[in-house]
Amino acid sequence: MTTEGERVNSLMSLLKRRGMIFPAFSIHGGVAGLFDYGPVGGRLLRKVQQEWREHWLSKGNIVEIDSPTITPDSVLAASGHISAFNDHASECNACNAIFRSDHLVEEFHQNPDSLSGPDLDAILTTNNVACPSCKESDWLASRPMNLMFGTRIGATRGGRQAYMRPETAQGMFLTYPMIQRHFRNRLPFGAIQVGKGYRNEISPRQGMIRQREFNMAELEYFIDPETDASHDFTKWDGIEFNLIPDPAGGQQNETKMGISAALNENIIRHPTVAFFMAETFDFLINIGANPEKIRFRQHESDEMAHYATDCWDLEMLGSYGWIECVGIAHRGCYDLGAHEEATNSKELRAWREFAEPIEIDKEVAAAVGAVIGPAFRQQAGLVTQALSELNDLPSAFPFDLNLSDGTTVSIEENMVEIKRVQETIRGEWFLPHVVEPAFGLDRIIWHILDHGYEMTEKEGEEYLILHLTESVAPYEVVVLPLFEKDGMDEVANQIQRDLLKLNGIGVYYDGSKSIGRRYARADEIGVPWAITVDHTTIEDGTVTIRRRDDQLQIRISQDDLAQHLQNGTLGSLY
RNA sequence: GCGAGCGUAGUGUAGCGGUUAUCACCGAGCGUUGCCAACGCUUGAACCCGGAUUCAAAUUCCGGCGCUCGCACCA
């Protein structure tokens, strides 16, 4: 019986020993929260990223973009990250406990998030706020703790403040105009980005679960909130999802439920959110996650960002317990709206054509600038505005006009020109809503390694196997000469060269040490197929194929091997 | 950030004032072997970093860095 802790250590040793994933910069002492993907892990990461890309790009209305990681501060100020990631911490002088300062002063201030350090300290002192831990009221000066890595753009003095992006999402929001143009302005559409994100964590823990630089993959899906968002869920008929709904919705506990049932009962509040939950589930199953170890947990109302209307975490069960690996959030129009407000850009909106165009045919009193100007001087602008907002035209002159500054002026006949305005309003500009599935790839990779990790025994010896699916296995196949003599090594080398010509197939050669040992090494990095070249190969060209998961071997010709490998149908031969 | 424990070959470890730093797996080479970590021979590889105490430090002390756990923070 191994404990979870032993299992984690055993897996981490394996990952390091076999060049998968290991702490970075270790010969310089190491840096917490930074990891290398090695010669084997690099392939794993790339394949997971590629599976993820294909999963979404194959929907047809989703494109991939790639944005800079260095981001000027104004972008992150608009998105809310600078205030959200610039919290202050206060330390209790009596017991050394640390708390977020804004949380401590919550009941004494409306918007503590906006306060400066000295303001926070003043509130702590004047209100004698007690330490939640030891009840004393003896606070050290608060310190800012910025979770973003800062940098400056420009090599000389001065320059512009910038940060390493804490998420990739801003790239999709800021390139929205180009994405919209690409799709000929037709919602819904989405954009994905795979790349690094950075958070200067106070104390990274739990191996590669919380890192300072990490691989993210995010999708922003833009929809018209007034268009019917229903999806076809028949694909998931019969699949039960593990759901933990927000207790505020009435449902208390974890339940198993079909995706459309959850939607019909309004547990999932939006069809597009439900759709992406189900698609995300499919993606994880495709790369080998265990469906029993996946659940969705709905954010409680007070946990949710204020602009979000529904938010679900996908959690995966592994040696660290249930860990959030994907967040699927309905973000409303918050992000596009925030950038619009910060920049006054008119490009972040979508056009919605009305079913029936609105015909306008009315008479208006247009201001005659040449008269209004000299007559009202500073107030001329207000007068012009008030005239344009006039709904009922005056029946006679002069008439009184109320201005927005509270004063009333008298309008003479020569000050206005009665005009007939005819126009057709065919639609309106609006801020699209966004559904955002955000994936932490390193966490997902950890969990598929964890789910696939088998510690077993073979003839009394510990035997380790990584059961990775072919879609993400770092190498699809290894070629092994039974012995490196009698021409078997030349044939094996030739087979490796031939198989490497196949698209997307990773092949390595191993001729070192006994055949059993080489099978064992391949099992440890999750190679699903081992090709062995033996004496029969020299005679008739056939090779044996060993399946990792049950170690069964069959013999086929080299041509068939190439065919089946390329088509991914080797399993059908068994 | 605080507190506790820990840091020895690629991995897992023994040693806890004086050893040529233990053992196993591991890796490389050669030989043998007709398919699942075989065997034999040869060989490779470590005391986290810096300072102090001492005739002598992997071992004791101090500082740093890192790891694990708890608290806090974070998702």
Side-chain angles (χ1 to χ4, degrees), chain A residues 5-6 8-19 22-34 38 84-85 87-101 103 131-134 140 143 145 147 166-167 197 199-207 209-212 214 216 297 299 303 305 311 313-315 322-327 329 438 440 443 457-465 480-486 488 511-524 530-538 543-546 548 550-553 555:
Chain A
E6 287 167 349
V8 170
N9 290 340
S10 168
L11 177 53
M12 298 235 271
S13 294
L14 170 79
L15 296 179
K16 186 169 181 185
R17 188 154 34 88
R18 293 299 180 196
F22 39 88
F25 309 117
S26 60
I27 70 168
H28 280 270
V31 181
L34 299 177
F85 278 67
D87 300 318
H88 286 259
S90 293
E91 181 172 351
C92 172
N93 199 24
C95 71
N96 292 326
I98 293 196
F99 303 93
R100 274 189 41 183
S101 315
H103 289 179
C131 168
S133 163
C134 70
L140 296 173
R143 293 177 305 231
M145 38 172 215
L147 293 184
E167 59 173 31
R199 290 181 193 179
N200 203 351
E201 296 286 352
I202 296 166
S203 69
R205 287 281 170 87
Q206 296 175 303
I209 298 298
R210 205 153 93 231
Q211 300 187 45
R212 290 194 161 116
F214 46 95
M216 316 181 76
R297 196 179 62 80
H299 280 210
E303 174 184 22
C311 188
D313 284 346
L314 182 147
E315 300 179 329
W322 288 99
I323 298 288
E324 177 204 341
C325 293
V326 185
R443 290 182 174 189
E457 284 201 351
K458 206 172 199 176
E459 290 163 23
E461 297 274 311
E462 182 181 63
Y463 199 89
L464 306 175
I465 305 177
L480 312 167
L482 190 56
F483 302 105
E484 285 187 308
K485 65 174 189 183
D486 301 338
M488 286 184 273
S512 167
K513 293 282 153 38
S514 76
I515 189 70
R517 178 175 297 213
R518 286 176 273 157
Y519 288 142
R521 288 195 283 229
D523 287 342
E524 282 193 355
I531 309 300
T532 305
V533 173
D534 56 15
H535 292 90
T536 310
T537 311
I538 306 297
V543 294
T544 66
I545 299 172
R546 170 189 182 272
R548 174 198 64 209
D550 55 14
Q551 306 174 13
L552 291 180
Q553 277 179 302
R555 178 174 284 279

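Naming convention: chains lettered A, B, ... in sequence-line order (proteins, then strands); numbering from 1 in each chain.
The pairing partner recorded for B:C2 is B:G70, the criterion being a Watson-Crick or G-U wobble arrangement whose two distances lie under 3.5 angstrom. In this structure B:A46 sits in no base pair that meets the Watson-Crick or G-U test at under 3.5 Å. In a base pair of the Watson-Crick type (N1 to N3 plus N6-O4 or O6-N4) or a G-U wobble (N1-O2 and O6-N3), with each distance short of 3.5 Å, B:U33 is matched with no nucleotide. Nucleotide B:G10 forms a Watson-Crick or G-U wobble pair with B:C25, both donor-acceptor distances falling under 3.5 Å. When Watson-Crick and G-U wobble pairs are counted only if both distances are under 3.5 Å, B:G18 pairs with B:C55.
Distance A:Ile515 CD1 to B:A38 C1': 13 Å, rounded to the nearest Å. Nucleotide B:A75 holds its P atom 7 Å from the CZ atom of A:Arg199, rounded to whole Å. Between the P atom of B:A75 and the CD atom of A:Gln211 lies a distance of 16 Å, rounded to the nearest Å. Rounded to whole angstrom, the span from the CD atom of A:Glu484 across to the C1' atom of B:A28 amounts to 12 Å. We find that CD of A:Glu6 is positioned 15 Å from C1' of B:C69, with the value rounded to whole Å. In this structure, CZ of A:Phe22 is placed 16 Å from P of B:C67, rounded to the nearest angstrom. A:Asp523 places its CG atom 11 Å from the P atom of B:A37, with the value rounded to the nearest Å. What separates CD1 of A:Ile323 from C1' of B:A75 is a distance of 9 Å, to the nearest Å.
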Under 3.5 Å, which N/O atoms of the protein pair with N/O atoms of nucleotides 44-46 of chain B?
none

Distances for protein N/O vs nucleotides 10-12 of chain B N/O pairs under 3.5 angstrom?
residue, atom, partner, partner atom, Å
B:U11, OP1, A:Lys16, NZ, 2.6
B:U11, O3', A:Ser13, OG, 3.2
B:G12, OP1, A:Ser13, OG, 3.2

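Contact between A:Phe22 and A:Leu15 at its shortest, heavy atoms only, is CD2-O, 4.4 Å.
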Original post:
Does the side-chain contact (heavy atoms from CB on, under 4.5 Å) test come out yes or no for A:Arg17 and A:Leu14, once each step is laid out?
Top reply: CA-CA 5 Å; A:Arg17 188 154 34 88; A:Leu14 170 79; 4.0 Å; yes
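Atoms CD1 and CD, from A:Ile531 and A:Gln553 in turn, are 10.0 Å apart once rounded to the nearest 0.5 Å. Taken from CD in A:Glu462 to OG in A:Ser10, the straight-line distance is 5.5 Å, to the nearest 0.5 Å.
Side-chain N/O atoms of A:Ser512 include one lying less than 4.0 angstrom from OP1 or OP2 on B:A28. For B:A38, the OP1/OP2 oxygens have a side-chain nitrogen or oxygen of A:Ser514 closer than 4.0 Å. Between A:Arg517 and B:G27 there is a side-chain polar atom (N or O) within less than 4.0 angstrom of OP1 or OP2.
Every residue meeting the side chain to side chain contact (heavy atoms under 4.5 Å, CB included) condition with A:Arg210, not counting sequence neighbours, appears here in chain and number order: A:Glu201, A:Ser203, A:Arg443. Residues satisfying the side chain to side chain contact (heavy atoms under 4.5 Å, CB included) criterion with A:Tyr463, sequence neighbours excluded, are A:Thr456, A:Lys458, A:Ile465, A:Ala520, A:Asp523, A:Arg546, A:Gln551. Scanning for side chain to side chain contact (heavy atoms under 4.5 Å, CB included) contacts around A:Asp534 gives A:Leu482, A:Thr536, A:Thr537, A:Thr544, A:Arg555, with sequence neighbours left out. In this structure A:Arg205 satisfies the salt bridge (Lys or Arg N to Asp or Glu O under 4.0 Å) test with no other residue, sequence neighbours excluded. Under the rule for a salt bridge (Lys or Arg N to Asp or Glu O under 4.0 Å), the partners of A:Arg18 that lie at least two apart in sequence or sit in another chain are A:Glu524. Residues meeting the salt bridge (Lys or Arg N to Asp or Glu O under 4.0 Å) test with A:Glu167, sequence neighbours left out: none. Contacts of A:Ala522 classified as side chain to side chain contact (heavy atoms under 4.5 Å, CB included), with partners at least two apart in sequence or in another chain: A:Val478, A:Tyr508, A:Val527.
Going from the P atom of B:G63 to that of B:C23 covers 36 Å, rounded to whole Å. Between B:U20 and B:G12, the two P atoms lie 28 Å apart (nearest whole Å). For the C1' atoms, the distance linking B:A45 with B:A21 amounts to 13 Å, nearest Å. Across B:U22 and B:A14, the matching C1' atoms stand 5 Å from one another, rounded to whole Å. When the P atom is compared between B:U33 and B:G27, the two are found 22 Å apart, to the nearest whole Å. Distance noted for atom P between B:A38 and B:C67: 36 Å (whole Å). Spacing of P atoms, B:C49 relative to B:G66, comes out at 15 Å, to the nearest Å. Comparing the P positions of B:U59 and B:U54 gives an interatomic distance of 16 Å, to the nearest angstrom.
In terms of position on RNA chain B, the residue among A:His28 and A:Arg210 whose nearest nucleotide sits closer to the 5' end is A:His28. Mapped onto RNA chain B by nearest heavy atom, A:Arg546 and A:Arg521 fall at different nucleotides, with A:Arg521 at the one closer to the 5' end.
Side-chain proximity of A:Lys513 to the nucleotides B:G29, B:C36, B:C74 is greatest for B:G29. The side chain of A:Leu482 lies closest to B:G34 when the candidates are B:G34, B:A37, B:A75. Side-chain proximity of A:Arg205 to B:G29, B:A37, B:C2: nearest is B:C2. For A:Glu524, the listed nucleotide lying nearest its side chain is B:A37; candidates were B:A37, B:A75, B:A72.
Using a 4.0 Å heavy-atom cutoff across all strands shown, A:Arg18 reaches at least one base atom of the nucleic acid. Within 4.0 Å of A:Glu201, counting heavy atoms only, lie sugar-phosphate atoms of the nucleic acid but no base atom. As judged by a 4.0 angstrom heavy-atom cut-off over every strand, A:Gly207 is placed among residues touching the sugar-phosphate backbone only. Nucleic acid contact for A:Thr536: base, since at least one base atom lies under 4.0 Å from a heavy atom of the residue.
With A:Asp550 contributing its side chain and A:Leu552 its backbone, the two residues share a donor-acceptor pair below 3.5 Å.
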